[in-house]
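These numbers come from the heavy atoms of this one structure, side chains and all, not from hydrogens, waters or symmetry mates. Everything numeric here is computed off the predicted structure, so don't read it as measured data.
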Amino acid sequence: MNIKYIFTMLALLPGLWLQAQETKPISLSEAIQLVKENNREIKISQQEFLESRGDYRQTNSIFLPNVAVSHTGMTTTNPLMAFGSKLNQEIVTQSDFNPDFLNNPKRIDNFATKIEVEQPLINVDGIYQRKAAKKKMDATALQTDRTIDHMVLEVEKAYMQLQLAHQAVTVLESAQKAALANQKLANDSYKQGYLQRSDVLSVEIRVSEVNNQLQYAKSNVINASDYLAYLLNEPLNTIFEPTDPLEISIPVQGNMEAVSKDRADIRAMELATEAYGEMLQADKMSFLPRLNAFGSYELYDDEIFSGDASGYLAGIQLKWDLFEGYKRFGKLQKSKATYEKARLEFDSYVSKSEMERNRAGRAVKDAENKLNLTRLALEQAEESLRIRYNRFEQGLEKTSDLLTAEAQFSQKQLEYAQTIFEYNYAQVQLDFLIK
């Protein structure tokens with residue numbers, strides 16, 4: 001098989017693969033909306049918030065009563081249980097005090113329906129535990145907001161990578177057309193005796209190089225589409241085509257001096273630290289006594305689900321656990337260490353965030369400088385190619401010089417597109433850090 005035919009087929013394979021898959025136009029605003037609605041990480045974060053809200057609602061138990069209903073059936077010949085069951089059923093007679101009957105009672109059935117109520121009155125440690133659960137819930141809600149911001153940043157980056165990949169395909173397709181045109185021109189000149197065979201081979205090598213680069217560029221389109229589909233929870237066999245062009249974004253306007261303490265993730269860590277502080281206070285308050293009220297209403301009978309006899313019980317309990325084998329002292333020490341650790345982690349996180357913001361600000365400046373340089377280099381490469389091509393047509397330029405100028409122009413186009421991507425991403429990353 002002809003080697004040229006093989007190279008041509010290899011170059012066309014990514015294009016055939018792109019055509020076999022579904023192509024879906026998408027704008028950046030549509031991608032952001034889809035990631036907010038369908039992204040798995042955001043859904044996981046939302047479920048974490050529901051978990052923390054469930055923990056907070058459990059602390060309602062320090063104010064609300066515990067109510068339980070039970071129905072118990074038993075049969076016994078135990079002297080104490082038998083006599084007690086008769087008392088509860090209100091069927092004790094004079095003959096039941098006969099020592100023979102007391103010591104050797106007949107089997108008796110007893111069915112009891114009981115309604116029990118426990119009402120907390122004073123549980124100071126529970127109040128602080130509730131405060132901690134509330135702060136944790138609020139922190140999780142803020143963390144969910146930050147997760148949304150982070151996934152929006154990721155989808156913006158993925159969309160820019162998709163723009164860059166499509167732009168690279170466009171540039172290399174144009175370079176391929178130019179290379180094929182140069183190849184035709186070189187073949188014609190060779191037939192007319194104006195060029196040597198080595199010049200024609202150089203042009204063919206250039207065509208092969210462009211074909212290989214185009215193949216990789218089309219593969220990058222597939223890779224970028226797959227990552228965007230993953231973020232949007234879309235089928236992976238979809239090839240996305242950005243409707244927004246790859247162009248320079250507007251510079252970020254915001255506070256360039258320091259990271260805002262109201263940023264969702266920083267505020268979430270602050271609330272989490274405060275929650276550990278509340279848990280420390282709760283462990284301290286566990287040394288205080290607890291006051292609870294209790295009561296029950298009971299129905300007894302020797303038949304199931306009946307209640308000829310009834311009674312109630314009500315009371316108040318003051319309980320003070322004085323010593324639990326150093327368990328509470330150890331728990332208090334652990335809570336104090338956990339709180340101090342959280343406080344240090346919060347300070348470290350704020351400091352790291354400020355460092356990242358400063359670095360992102362410098363990255364924007366560096367990308368802006370690089371953008372100006374690559375734009376100038378692109379203009380120079382384009383003008384150089386135009387001059388060399390005109391001279392080549394007149395037979396005044398070497399084939400190698402023309403190929404070098406053409407390759408350099410394609411390279412500068414790709415570098416300029418890459419620099420636009422870097423500049424735009426630096427902008428959105430800075431916006432994410434100062435948000």
Distance-only polar pair, side chains of Y300 and E90, donor-acceptor under 3.5 Å: no

N424 side chain to S249 backbone, donor-acceptor under 3.5 Å: yes

With K184 via salt bridge (charged side-chain N to carboxylate O under 4.0 Å, His left out) - residues at least two apart: D188

Heavy-atom closest pair, residues T273 and A342: OG1-O, 3.4 Å

Gap between atom CD of E368 and atom CD1 of I248 - 0.5 Å precision: 9.0 Å

Distance-only donor-acceptor check, side chains E422 and Q418, under 3.5 Å: yes

Close side-chain approach of R357 and L430, heavy atoms under 4.5 Å: yes

Crowding at CZ, F63 (>12 non-hydrogen neighbours, <6.0 Å): yes

Backbone N/O of N369 and side chain of N372: donor-acceptor pair under 3.5 Å: no

Lys/Arg cation over aromatic Y128: K131, 6.0 Å, 45° cone: yes

Minimal non-hydrogen separation, V221 against L162, with atom names: O-CD1, 4.0 Å

Gap between atom CG of D109 and atom OG1 of T75 - 0.5 Å precision: 4.0 Å

Check: V364 and Q427 side chains under 4.5 Å, non-hydrogen atoms: yes

Close side-chain approach of Q408 to K412, heavy-atom, < 4.5 Å: yes

Nearest-0.5 Å distance that lies between atom CZ in R263 and atom CD in E270: 13.0 Å

Closest non-hydrogen atom pair, N292 against P120: OD1-CA, 3.2 Å

Atom of S52, atom of M137 and distance for their closest heavy-atom approach: OG-CA, 3.6 Å

Atom pair CZ/OH of F49 and Y56 - distance to nearest 0.5 Å: 11.0 Å

K435 with D431: basic N within carboxylate O range, under 4.0 Å: no

Crowding at OH, Y276 (>12 non-hydrogen neighbours, <6.0 Å): no

Check: Y425 ring centroid to F432 ring centroid under 6.0 Å: no

Student check: side-chain heavy atoms of Q333 and Y326 closer than 4.5 Å: yes

Euclidean distance, L121 CG relative to F294 CZ, rounded to 0.5 Å: 11.0 Å

Donor-acceptor under 3.5 Å (S384 side chain, A381 main chain): no

T144 side chain to T140 backbone, donor-acceptor under 3.5 Å: yes

Y312 atom OH, neighbour heavy-atom count above 12 within 6.0 Å: no

Whether over 12 other heavy atoms sit under 6.0 Å from M81 CE: no

Any side-chain heavy-atom pair of R386 and E383 under 4.5 Å: yes

Distance, nearest 0.5 Å, that separates NZ of K352 from CD of E345: 11.5 Å

Side chain T374, main chain K370, donor-acceptor under 3.5 Å: yes

Residues K134 and E278 bridged, charged N to O under 4.0 Å: no

Salt bridge present between D125 and R290 (N-O < 4.0 angstrom): yes

